[in-house]
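Heads up, the thing below is written out as structure tokens.
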Amino acid sequence: MKVLFVTTEMDDFVRVGGLAAVSAALPRALRPWSDVRIMLPGYRDVVEQFTHIEIVGQCAPLAEMPACSLGRASTRDGLPIYVLLCPQLYDRPGNPYGDEQGRDWPDNDVRFARFASAAAELALGTLDKNWAADLVHANDWQAALAPAYLAWKNARIPSILTIHNLAYQGLFPRESLRRIGAPESSFHIDGLEFYDKMSFLKGGLVYASHLTTVSATYAREITTPELGCGLEGLLRQRSDASELTGILNGIDESWDPRACVQLAQQFAPGDWEGKQANADYVRKQFGLALSRGPIFGLVARLVHQKGIDLVLSAADEIIEAGGQIIVTGSGEPAIEQALVDAHRRRPDAIGVVIGFNDGQARRIFAGSDFTLMPSRFEPCGLSQMYAQRFGSLPIGHQTGGLAETIKDGETGFLFSQPSAESFLGGVRRAFDAFKAKDRLDSMRRSAMARSFSWDLSAACYNALYRKALSL
């Protein structure tokens, strides 16, 4: 079975959010069953990491989308990677989606439609003469039009679209239709049209053979007005037709505190001196005062969805009760600034580093007693899984993947509403557990014993691929 996995992020090369971790792990977990090949845009960060990229095909211009080349390379462990080479679209500073100030590129419609249309051509065998796909697996709005371009070519290749976060939809003005070579007939309520704009994500929701999202709970939540982002009607239709499946993400095997080389000290369940060595290390790194109180870690994209405002509103109570807070991540400038201001007010008790470094994140999980995850909604979430493996008990809102992966009172704490009062209830329960050493020991051991292997997720995707191919 030949599968083209179409994504705009991959941990090996470029990371913005959780999509990068999934794109690095899931295709590798699928390799026992399939010839999986990944397709990425030729960002500077991607192209620079290969010593050799073999050009295998050329895409002709389409509408206002420029011609481009398709290159093929592979990772160190032999995973085939296709790279869409078009310097005028992808060789830019900043992140994959925007400039160094965090503003979206104004031509993102052209950038990602070019990517999706090239993915469709590759799948059909017109770009790499030695390979065509049996199935296309597209991820999020940036790749969501790949199933649409296949449909517009009357191709019979099945496609899966995974929704990693429904809130990001790829909305553009109606004129974009012409720029990307989409048929005028596709702009209607049962096509790309969304409140008189064009929605890339909706295109995928309409044209993909099957939809998945990253937890069963989120698959239910997005069929409701509260979390459906205006697309709940369409999603309910697809769900009722058994064409929407929730498959929980996994995490890779490197999240093992007994073997992780990036920790200040490796440790096993019950070796709380080893865990304490990591706590001492991160306290020193972040300039916090010596303390016997708990450390609350926050490793997240700093955006409204993640409930950072709830953490800021609870900070005084956490500190007064003897706790300290350590934050790392990047995101919305106003939220970054609010965290920096909180650190300036209490540099002894609040440590903040804007930016993301994998080793530092691992040491925060290893050194913290609790991990804060007050997300307003959370399709899957990975931090709560990382935290449990490293003996940091997550405090999470009972939503999406958090509800499925945190055992309340056993491996972490769930709270019911995304409100300051409900969140503080979870924080207070954590303080109570911290004071009861036997209970803390038991919860840490239970958390560290959890397995979040990709093998189960990969088996579910493999079964879904085979079902799509048989229809």
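Taking 4.5 Å as the limit, some side-chain heavy atom of Phe115 sits within range of a side-chain heavy atom of Met39. Using a 4.5 Å cut-off on side-chain heavy atoms (C-beta onward), Leu192 and Leu145 make contact. Annotation: side chain of Val110 is in contact with side chain of Leu89 (closest heavy-atom distance under 4.5 Å). A heavy-atom distance below 4.5 Å is found between the side chains of Pro257 and Met448. Taking 4.5 Å as the limit, every side-chain heavy atom of Glu184 sits out of range of all side-chain heavy atoms of Arg178. Annotation: side chain of Leu201 is in contact with side chain of Leu231 (closest heavy-atom distance under 4.5 Å). Within the 4.5 Å cutoff, side-chain heavy atoms of Val136 are placed close to those of Val6. At a threshold of 4.5 Å between non-hydrogen side-chain atoms, the residues Leu171 and Met198 do not count as touching.
Summarising the geometry, atom CD1 belonging to Ile395 is positioned 8.5 Å from atom CZ belonging to Phe415; distances are rounded to the nearest 0.5 Å.
Counting heavy-atom neighbours within 6.0 Å of Leu469 CG, excluding the residue itself, gives a total above 12. Heavy-atom contacts from other residues, nucleotides or ligands closer than 6.0 Å to NZ of Lys467 number 12 or fewer. For CD of Gln262, the number of neighbouring non-hydrogen atoms (other residues, nucleotides, ligands) closer than 6.0 Å is greater than 12.
Without hydrogens or angle criteria, Glu193 side chain to Asp196 main chain gives a donor-acceptor distance under 3.5 Å. The backbone N or O of Pro379 lies less than 3.5 Å from a partner atom in the side chain of Ser215, making a donor-acceptor pair. Looking only at distances, no side-chain donor or acceptor of Ser74 sits under 3.5 Å from a matching main-chain atom of Leu79. Proximity of a side-chain donor or acceptor of Asp134 to a complementary backbone N or O of Lys2 within less than 3.5 Å is detected. Judged purely by atom type and a 3.5 angstrom limit, Ser199 has no side-chain atom pairing as donor or acceptor with the backbone of Phe194. Put simply, the side chain of Ser419 gets close to the backbone of Ser422: a donor and an acceptor are under 3.5 Å apart. Between the Glu232 side chain and the Gly230 main chain, a donor and an acceptor come within less than 3.5 Å of each other. Using a distance-only test at 3.5 Å, with no hydrogens or angles considered, a donor-acceptor pair links the side chain of Arg236 to the main chain of Thr223. Looking only at distances, no side-chain donor or acceptor of Ser23 sits under 3.5 Å from a matching main-chain atom of Ala20. In this structure a side-chain-to-backbone donor-acceptor pair under 3.5 Å is present from Thr224 to Glu221.
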Show your working on salt bridge (Lys or Arg N to Asp or Glu O under 4.0 Å) between Asp309 and Arg376 and close with a plain yes or no.
CA-CA 11 Å; Asp309 54 316; Arg376 288 180 161 78; 2.7 Å; yes
Derivation of the ring pair (Phe, Tyr, Trp, His ring centres under 6.0 Å) call for Tyr386 and Phe452:
CA-CA 9 Å; Tyr386 300 150; Phe452 300 107; 9.4 Å; no
Candidate pair Ser383 and Met373, rule side-chain contact (heavy atoms from CB on, under 4.5 Å), full reasoning:
CA-CA 8 Å; Ser383 287; Met373 292 199 72; 3.8 Å; yes
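Side-chain contact, Gln398 with Ser416: no donor N or O sits under 3.5 Å from an acceptor N or O. Side-chain contact annotation: Thr245 with Thr212, donor-acceptor N/O pair under 3.5 Å absent. A side-chain N or O of Trp131 and one of Asp35 form a donor-acceptor pair less than 3.5 Å apart. Side-chain polar atoms of Ser254 and Arg362 form a donor-acceptor pair below 3.5 angstrom. Neither side chain, Ser446 nor Thr411, offers a donor N or O lying under 3.5 Å from an acceptor on the other. Between Gln384 and Thr405, the side chains place a donor N or O and an acceptor N or O closer than 3.5 Å (distance only, hydrogens not considered). A donor and an acceptor atom, one from each side chain of Gln305 and Asn165, are located under 3.5 Å apart. A side-chain donor from one of Asn139 and His164 sits under 3.5 Å from a side-chain acceptor of the other. Side chains of Tyr82 and Asp128: a donor on one and an acceptor on the other come within 3.5 Å. Residues Glu378 and Thr399 bring no donor and acceptor atom of their side chains to less than 3.5 Å of each other. No side-chain N or O of Ser159 forms a donor-acceptor pair with one of His137 less than 3.5 Å apart. Ser186 and Tyr207 share no side-chain donor-acceptor pair at under 3.5 Å. Residues Asp341 and Gln337 bring a donor and an acceptor atom of their side chains to less than 3.5 Å of each other.
Between Arg114 and Glu121, at least one side-chain nitrogen of the basic residue sits less than 4.0 Å from a carboxylate oxygen of the acidic one, meeting the salt-bridge criterion. No salt bridge links Glu9 with Arg15; every basic N to acidic carboxylate O contact stays at or beyond 4.0 Å. At a threshold of 4.0 Å, the pair Asp91-Arg44 counts as salt-bridged, since one of the basic side-chain nitrogens sits closer than that to a carboxylate oxygen. A salt bridge is absent between Asp109 and Arg111: the closest approach of a Lys/Arg side-chain nitrogen to an acidic carboxylate oxygen does not fall below 4.0 angstrom. Salt bridge status for Arg28 with Asp12: present, with a side-chain N to carboxylate O gap under 4.0 Å. Ion pairing of Glu410 with Arg450 is absent here, as no side-chain N (NZ or NE/NH1/NH2) approaches a carboxylate O to less than 4.0 Å. We find that Asp107 and Arg92 are joined by a salt bridge, their nearest charged nitrogen and carboxylate oxygen being less than 4.0 Å apart.
Side-chain rings of His397 and Phe377 stay apart, their centers remaining 6.0 Å or farther from each other. If you look at Phe172 and Phe200, their ring centroids are closer than 6.0 Å. Between Trp33 and Tyr461, the ring center distance fails the sub-6.0 Å criterion.
Ring geometry for Phe390 versus Trp255: interplanar angle of 30 to 60°, hence tilted.
With Pro96 as the fixed residue, the side chain to side chain contact (heavy atoms under 4.5 Å, CB included) test singles out one of Val14, Asp45, Asn108, Val46: Val14.
Leu84 and Cys59 make their closest contact through CD1-SG, 4.3 Å (heavy atoms, listed as atom of the first residue, atom of the second, distance).
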